[in-house]
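Okay, structure first, notes after.
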There are 2 protein chains.
Amino acid sequence: MSADSVAKVVLVDDHKLFRKGMVELINGFKGYEVIWEANNGKDMIGKLTFSQKPDIALLDINMPEMDGYETAGWLKEHHPEVKVLALSMNDNEDSIIRMIRAGAKGYILKDAEPTELRLALHDLSTKGFFYSELVSGTLVNSLNRGPEGGKSQAAPLTDREKEFLKLACSELTYKEIADQMCLATRTIDGYREALFEKLHVRSRTGLALYAVKHGLVEI
Amino acid sequence: MSADSVAKVVLVDDHKLFRKGMVELINGFKGYEVIWEANNGKDMIGKLTFSQKPDIALLDINMPEMDGYETAGWLKEHHPEVKVLALSMNDNEDSIIRMIRAGAKGYILKDAEPTELRLALHDLSTKGFFYSELVSGTLVNSLNRGPEGGKSQAAPLTDREKEFLKLACSELTYKEIADQMCLATRTIDGYREALFEKLHVRSRTGLALYAVKHGLVEI
DNA sequence: TGGGGGTACGGGGTTTTTCCCGTTTCGGAG
DNA sequence: CTCCGAAACGGGAAAAACCCCGTACCCCCA
């Protein structure tokens, strides 16, 4: 893409009003144009097959159906030339690291200044990446916390674990969860222990809060 | 306000990018102008003293410092002529009812169509209210669930209860919470029971999820 | 052909949560 | 002045959550 042409942007976010607002904002930036939008990752994949391919994909993280992490991973595999900019509510380390791992070339917060968004789009277009202080600070921080600091995050959850996690975010007892999943309560104990380990929490409350914070469950 | 003048709108939301996008969107509607913005309720109150008074206040619900409910209540008391339109992520009954109780003249979701926002602004300007199907459906629903359906929501929490609730949204045991609040564990039992009753939950997990869902704690 | 990961399960234990039965104290409303 | 609600506290007990000790099967893959 040459420097004086228009960069084609797609917006993937499940909040329509936010999306429409962002379209106005981005189309107001000289040199950028939102060519189409999607509600979530699945929607985006569907539209990609019969629409123009974008230069930049602006991905929200918390979305139903297919979230930002998965979507970024899919783009990395199938369309690595599309540059992903993550757009998130929260600045927690895990999210940033997971997103960068999934191939995002930048990460900005939903309460950033419009000028930061503009700068991010510019850097993505020209340099191919936008590593703000937030991102670089986070990465340095995670590395400085010992040799295993970098790998401690983002242990992937199995399907069964995700299923259990959703049920744990409720007022069901573990016994009731076991019944719903057609398992012994002891097996549920196993899933709980595995998730405590993977997510670095010590209680069911911690489990539920983690799940909500990271968009693993709808609330 | 006459029909052919421009309605003055203020936007109160803690996410800057969303806000800026909404400004573009609303300013794009003929007959509406965003005259200023605020980060949260406190910020709005501060700006109101030395800025133009709006016709319409678009209030997000989940905000730090001073949330949408409190802000709507404050406006109802101090500037009842300002028409409040609530802008929320979630469509749960409690939020809608609380917001309407607090004086909101309308309630729309962040994933509404821009045309719905426009219609809401129009109705607010001309009729003074905008009760969408979401709102009226919810209100009818809540009344049909028995005579006490209407009053069951929105039992106000005391300061101490809010304090306890925040601490309950953590991995602290009740014993540790008691120590932090300088209380006996039995007293904590009392708060837990009171909140179970008020918030209609049966477990600590339910407590935490309720608090997050309704923006009573930052996460 | 052995190891590793995912899944599923048993027994026995401690700690925490939940739920009862109560009491006192204090300040404000009737 | 008396009643009421709120905040604070106690003892005891059942249920749930949490944490160990393990086993076994299947599948993939090096």
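Chain identifiers are assigned alphabetically (A, B, ...) following the order of the sequence lines, protein sequences preceding nucleic acid strands; residue numbering begins at 1 within each chain.
If you take CD of A:E171 and P of D:dA15, they are 19 Å apart, rounded to a whole angstrom. As rounded to whole Å, 12 Å separates atom C1' of C:dG5 from atom OH of A:Y191. A:L195 has its CG atom 16 Å from the C1' atom of D:dC19, to the nearest Å. Regarding A:R192, its CZ atom lies at a distance of 14 Å from the C1' atom of C:dC9, rounded to whole Å. Rounded to whole Å, atom C1' of C:dT15 lies 14 Å from atom OH of A:Y174. At whole-Å resolution of the value, CD in A:E197 and C1' in D:dC20 are 15 Å apart. In this structure, B:F164 atom CZ and D:dA6 atom C1' are separated by 16 Å, rounded to whole Å. Look at CZ on B:R204: it is 8 Å from P on C:dT18, rounded to the nearest Å.
At the heavy-atom level, B:R160 lies under 4.0 Å from the strands shown only through sugar-phosphate atoms.
Axis orientation changes by 30° from one end of the helix from C:dT1-D:dA30 to C:dG30-D:dC1 to the other, with each end axis drawn from 5 pairs and the value rounded to 10°.
Residue B:E133 qualifies as open at atom CD: its count of foreign heavy atoms under 6.0 Å is 12 or below.
Distances shown here put a side-chain N or O of A:T158 below 4.0 Å from the OP1 or OP2 atom of C:dT7.
Comparing atom distances between the B:T173 side chain and each of D:dC18, C:dT16, D:dA16 picks out C:dT16 as nearest.
Of the possible donor and acceptor atoms, one in the side chain of B:K76 sits under 3.5 Å from a partner among the backbone N and O of B:R101.
B:F18 and A:F18 have parallel rings, their planes meeting at less than 30° on a 0 to 90° scale where 60° marks the start of perpendicular.
The shortest non-hydrogen separation linking B:Q52 to B:W36 is O-NE1, 2.9 Å. Taking all atoms of both residues into account, the shortest heavy-atom contact from B:Y69 to B:H214 is CE1-O, 4.4 Å.
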Practice item. Mind running side chain to side chain donor-acceptor pair (under 3.5 Å) on A:S88 and A:Y107 for me, showing each step along the way? Key: CA-CA 7 Å; A:S88 170; A:Y107 188 110; 3.2 Å; yes
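In this structure, B:R192 forms a cation-pi arrangement with B:Y174, its terminal cationic atom sitting closer than 6.0 Å to the ring centre and no more than 45° off the ring axis. Remark: A:R202 fails to qualify as a cation-pi partner of A:F196 under the 6.0 Å distance and 45° angle criteria applied to the six-membered ring.
For B:D189 against D:dC9, no side-chain N or O and base N or O form a donor-acceptor pair under 3.5 Å.
For the segment residues 179-188 of chain B, residues with any heavy atom less than 4.0 angstrom from an atom of DNA chain C are, sorted by number, B:R186.
If you run side chain to side chain contact (heavy atoms under 4.5 Å, CB included) between B:D13 and each of B:E37, B:M22, B:R19, only B:R19 comes through.
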